[in-house]
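So the structure is just underneath, and the comments pick up after that.
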Amino acid sequence: MRDFFASPGPMTGDLDGVLAGLTADVAGLAAVGHGLMIHEHLAGAYGVNFDAGDRETVHVRPVPRLLERVLAVSPAPLTTPRPLKLRIAGNCRQFTVLMVAALRARGVPARARCGFGGYFTPGFFEDHWVCEYWTDERWRLVDGQIDDRQLAMFPIDFDVTDVPRAAFLVGGDAWRRYRRGEVSENAFGLTVTAESGAWWIAQNLLRDAAALRKVELLPWDTWGAMPGPGEPIDEELFDRLAEATLDPELAGLPELMADPRLRVPRAVRNAVRDAEEVVLPAAPGRVPS
């Protein structure tokens, strides 16, 4: 199974070998990402103001297309930090998939994990993505978004290249804790949009499952059985999905994700744009636009 995550998927390809030439050290890769992007919701902390046009880069799914945007602004090597005004708008998912793609380009097993971070808002688990990679005979979580400025902003008291499992809950763990009554559904969501609830946990669980099949979609892409606010949730189906994603071998996940209610279709709904968008190529081997 580890070998499956050592090669790119539809969203995590390279662009003319620029990622393969980077370090395989995750701290170094995080530094590369920090020099290229700024989280769209944290831009003010860097003295940057993104307008609506600038924010369009958060809708870019494939890493090669993201790198094209980066290099269009500045053709300097990726290891050269851009001036703040030349960094593109990103989010936790963009920082994550960039790191995942760079590690896979070097043959290192890596995968994006969608879930909730408990280290931003006290007593609350924020919608978040991190990278998980294989090292020292274990899967290790690394938060590629957090730089020194954010370390000063948030109550983080651990090494962000080795995020504790209790600090970041993958979608299946969050769902299981909610279903067992260990954590309230209202402890999971996004404070920026003032939203929370079981529907959000279910959404991130399905996004995490898709990422474990190497289809890393946007934090607001929706499809199939993914519920919206106030909509009914097929709890039995999501119970099964949670267990499949928490199995270390992921043995039952491929078959379960073939279920039409869960399978990622060729086009999904971008909830922010309120539009259907093609996310998977018609022909194998092609990179989505």
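No hydrogens, no waters, no symmetry mates; every other heavy atom, side chains included, goes into these values.
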Does [X] share a hydrophobic cluster with [Y], counting links as ILVMFWY side-chain heavy atoms below 4.5 Å and allowing steps through other members?
X	Y	result
V97	L36	yes
F95	L218	no
Y119	L169	no
V32	M11	no

Quiz item: cation-pi between R55 and F50, 6.0 Å / 45°: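 Ring-cation test returns no.
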Keeping K214 on the side-chain end and F4 on the backbone end, is there a donor-acceptor pair under 3.5 Å?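 Yes; at least one donor-acceptor contact below 3.5 Å.
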Under 3.5 Å, side chain of D14 to main-chain N/O of A20, donor-acceptor pair present?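 Checking the backbone N and O of A20 against the side chain of D14, a donor-acceptor pair under 3.5 Å is found.
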Rounded distance [0.5 Å steps], CZ in F116 versus CD in E126: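 These two atoms lie 10.0 Å from each other.
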How many angstroms lie between atom OH of Y133 and atom CH2 of W139, to the nearest 0.5 angstrom?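 That separation rounds to 11.0 Å.
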Check against side chain to side chain contact (heavy atoms under 4.5 Å, CB included), R82 and V73: CA-CA 9 Å; R82 275 56 172 167; V73 176; 5.7 Å; no
Can we say [X] and [Y] salt-bridge, meaning some charged N sits less than 4.0 Å from an Asp/Glu carboxylate O?
X	Y	answer
R149	D147	no
R65	E68	yes
R269	D274	yes
R273	E56	yes
R138	D162	yes
R179	E235	yes
R61	D221	yes

Looking at L241, L250, T245, which one forms a side-chain contact (heavy atoms from CB on, under 4.5 Å) with L256?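 It is L241; the other options fail the test.
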Heavy-atom check, side chain of [X] versus side chain of [Y], under 4.5 Å:
X	Y	answer
Q150	V160	no
S7	R104	no
V58	W220	yes

Step through the shown structure and confirm whether more than 12 heavy atoms of other residues, nucleotides or ligands are within 6.0 Å of CD on E182.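 Counting other residues, nucleotides and ligands, CD of E182 exceeds 12 neighbours.
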Within a radius of less than 6.0 Å around CD of E255, do more than 12 heavy atoms belonging to other residues, nucleotides or ligands occur?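 No, not enclosed.
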Whether the R69 and T57 side chains hold a donor-acceptor pair (N or O, under 3.5 Å, no angle test) is what I'd like checked.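 Judged by distance alone, the side chains do not pair up.
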If we ignore angles and hydrogens, is there a donor and acceptor under 3.5 Å between the side chains of W129 and D208?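 The criterion, which ignores hydrogens and geometry beyond distance, is not satisfied for D208 and W129.
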Apply side chain to side chain contact (heavy atoms under 4.5 Å, CB included) to the pair L71 and L78, showing each step before the final yes or no. CA-CA 8 Å; L71 295 171; L78 299 184; 3.9 Å; yes
